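Order of the sequence lines fixes the chain letters, A, B, ..., with proteins taken first and strands second; residue numbering starts at 1 for each chain. As the structure is a computational prediction, the values presented were derived from the model and not from experiment.
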There are 2 protein chains.
Amino acid sequence: MAKPPKDNSPITEHLAYLLAQANREINRQLEMRLSKEGVPVEQWRILKVLSDGNGHSMGELADAVLLNHPTLTKMVDRMVSDALVYRVQDPKDRRKVLMFVSDRGKALSKRLNSLAVSQEEHILESYGDKSTNELKRLLESLIDSSN
Amino acid sequence: MAKPPKDNSPITEHLAYLLAQANREINRQLEMRLSKEGVPVEQWRILKVLSDGNGHSMGELADAVLLNHPTLTKMVDRMVSDALVYRVQDPKDRRKVLMFVSDRGKALSKRLNSLAVSQEEHILESYGDKSTNELKRLLESLIDSSN
DNA sequence: TGGAAAATATTGAATATTCAACAATTGAAG
DNA sequence: CTTCAATTGTTGAATATTCAATATTTTCCA
């Protein structure tokens, strides 16, 4: 029944390709919206994760926002310069640094969230509730099955 | 019924995030396999697309392999150095360059294809035929609905 | 306890990507 | 026809990412 792609089947039959293509497109759309605030998608993720108010270590944060450690360090440097977030040494484990969002970061985060939500609404409209939910469910379960 | 995420809902409820996460994971796995041949995922895509034997312009190719034009130009430069592909000026339209795969490129492409196929087989096993096919179908239709 | 190994974050050099400008060719309008 | 705009691909500078090495702190265990 379900077969893997053959050597000579088009690249568009590969799950890896379809994921890359869909991700590229959706990410590009989100990027366009967030550009209103002059902020890359990754900074939205960082602010959103930190918005729970709890301190998050750089390692935790890197996992959560899908960035490598050095990339995150440098992006956080910029955000600290912009006074969006700040670092605190973790008193329980002094190897760690805990990241927090500033008031300015919280305000920006709110504006970014509404831009992101409005994108999701747009997707729901053009793609449909049913498909969207089913796709989310399948993606979650793919991620689960990959760990 | 199906609602978009709220401002304060976790980032994991956003389609954009789930796509990025799944793409990152699957891409990383593919990258691992292809590293046996010392080749990045993008070069597999390029070789696969060119393997139809027809010449493809840089613009076409950039779209097909999900790369920006300058990035593609530079990657193709490397592949030309490695004698995997070659450029031919399009006689019909001399602004264009047609890309072709060399014999060496074809041989490499075959080896890369089996690595990629074996990854798909692995996904089918752990994730299931049904889910895989359904996910592919939904991704295709998401991409369609985004154009 | 003492010292080696692991975990965490950062840095700097090497690499890759992107943006804006450019060159060449074609298309289109007057 | 001729000129101006649009298309195609490349280049170089600016920017961003990654890899390997480092510093610091903690954990483990002999």
Side-chain angles (χ1 to χ4, degrees), chain A residues 20-21 23-25 27-32 34-35 38-46 49-50 54-82 84-100, chain B residues 20-21 23-25 27-32 34-35 38-46 49-50 54-82 84-100:
Chain A
Q21 192 180 12
N23 178 52
R24 185 178 161 87
E25 179 60 25
N27 203 59
R28 203 170 48 102
Q29 287 172 15
L30 180 56
E31 195 173 52
M32 292 261 304
L34 299 187
S35 73
V39 162
V41 175
E42 289 79 11
Q43 290 196 19
W44 166 63
R45 293 198 198 127
I46 292 170
V49 169
L50 295 186
N54 303 327
H56 292 265
S57 74
M58 291 296 280
E60 267 175 40
L61 194 52
D63 285 350
V65 304
L66 316 175
L67 289 177
N68 297 338
H69 288 217
T71 304
L72 177 63
T73 291
K74 284 154 192 170
M75 184 159 286
V76 161
D77 286 347
R78 276 168 256 155
M79 295 175 77
V80 168
S81 298
D82 294 342
L84 298 172
V85 300
Y86 58 95
R87 293 176 161 99
V88 174
Q89 171 129 271
D90 184 344
K92 312 285 188 189
D93 181 342
R94 290 174 16 240
R95 290 170 301 184
K96 294 187 184 174
V97 168
L98 298 180
M99 297 302 313
F100 293 90
Chain B
Q21 192 180 13
N23 178 53
R24 185 179 162 90
E25 179 59 25
N27 202 61
R28 202 177 50 87
Q29 286 172 15
L30 180 56
E31 194 174 54
M32 292 260 306
L34 299 187
S35 72
V39 162
V41 174
E42 290 79 12
Q43 290 198 17
W44 166 63
R45 294 198 199 127
I46 292 170
V49 169
L50 295 184
N54 305 325
H56 293 264
S57 73
M58 291 295 281
E60 267 175 40
L61 193 53
D63 285 348
V65 304
L66 316 176
L67 288 178
N68 298 337
H69 290 215
T71 305
L72 177 63
T73 291
K74 283 153 192 172
M75 185 160 286
V76 161
D77 286 347
R78 276 169 256 157
M79 295 174 78
V80 169
S81 298
D82 295 343
L84 297 172
V85 299
Y86 57 94
R87 292 176 162 99
V88 175
Q89 170 128 272
D90 185 344
K92 313 283 187 189
D93 182 342
R94 290 170 22 239
R95 288 170 301 184
K96 294 187 184 173
V97 169
L98 298 180
M99 297 302 312
F100 292 91

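Close to D/dT10, at under 4.0 Å from its OP1 or OP2, lies a side-chain N or O of B/Arg87. Close to C/dA24, at under 4.0 Å from its OP1 or OP2, lies no side-chain N or O of B/Arg94. In this model, the phosphate group of C/dA16 is not approached by any side-chain N or O of B/Thr71 to a distance below 4.0 Å at OP1 or OP2.
Judged purely by atom type and a 3.5 angstrom limit, A/Asp90 uses its side chain to pair as donor or acceptor with the backbone of A/Lys92.
The CE-C1' distance, from A/Met99 to C/dA9, rounds to 12 Å in whole Å. Per the geometry, CZ belonging to B/Arg24 stands 12 Å off C1' belonging to D/dT18, to the nearest Å. Atom NZ of B/Lys74 is separated from atom C1' of C/dT18 by 8 Å (rounded to the nearest Å). Computed from coordinates, the A/Met75 CE to C/dT11 P distance equals 16 Å when rounded to whole Å. Per the geometry, NZ belonging to B/Lys96 stands 18 Å off P belonging to D/dA6, to the nearest Å.
Taking the side chain of A/Thr73 as heavy atoms from C-beta on, and the options D/dT8, D/dT18, C/dA9, the nearest nucleotide is C/dA9.
For residues 62-70 of chain A, proximity to DNA chain C is found at A/His69, A/Pro70, defined as any non-hydrogen atom under 4.0 angstrom from a strand atom.
A donor-acceptor contact under 3.5 Å is formed by the side chain of B/Arg95 with the base of D/dT7.
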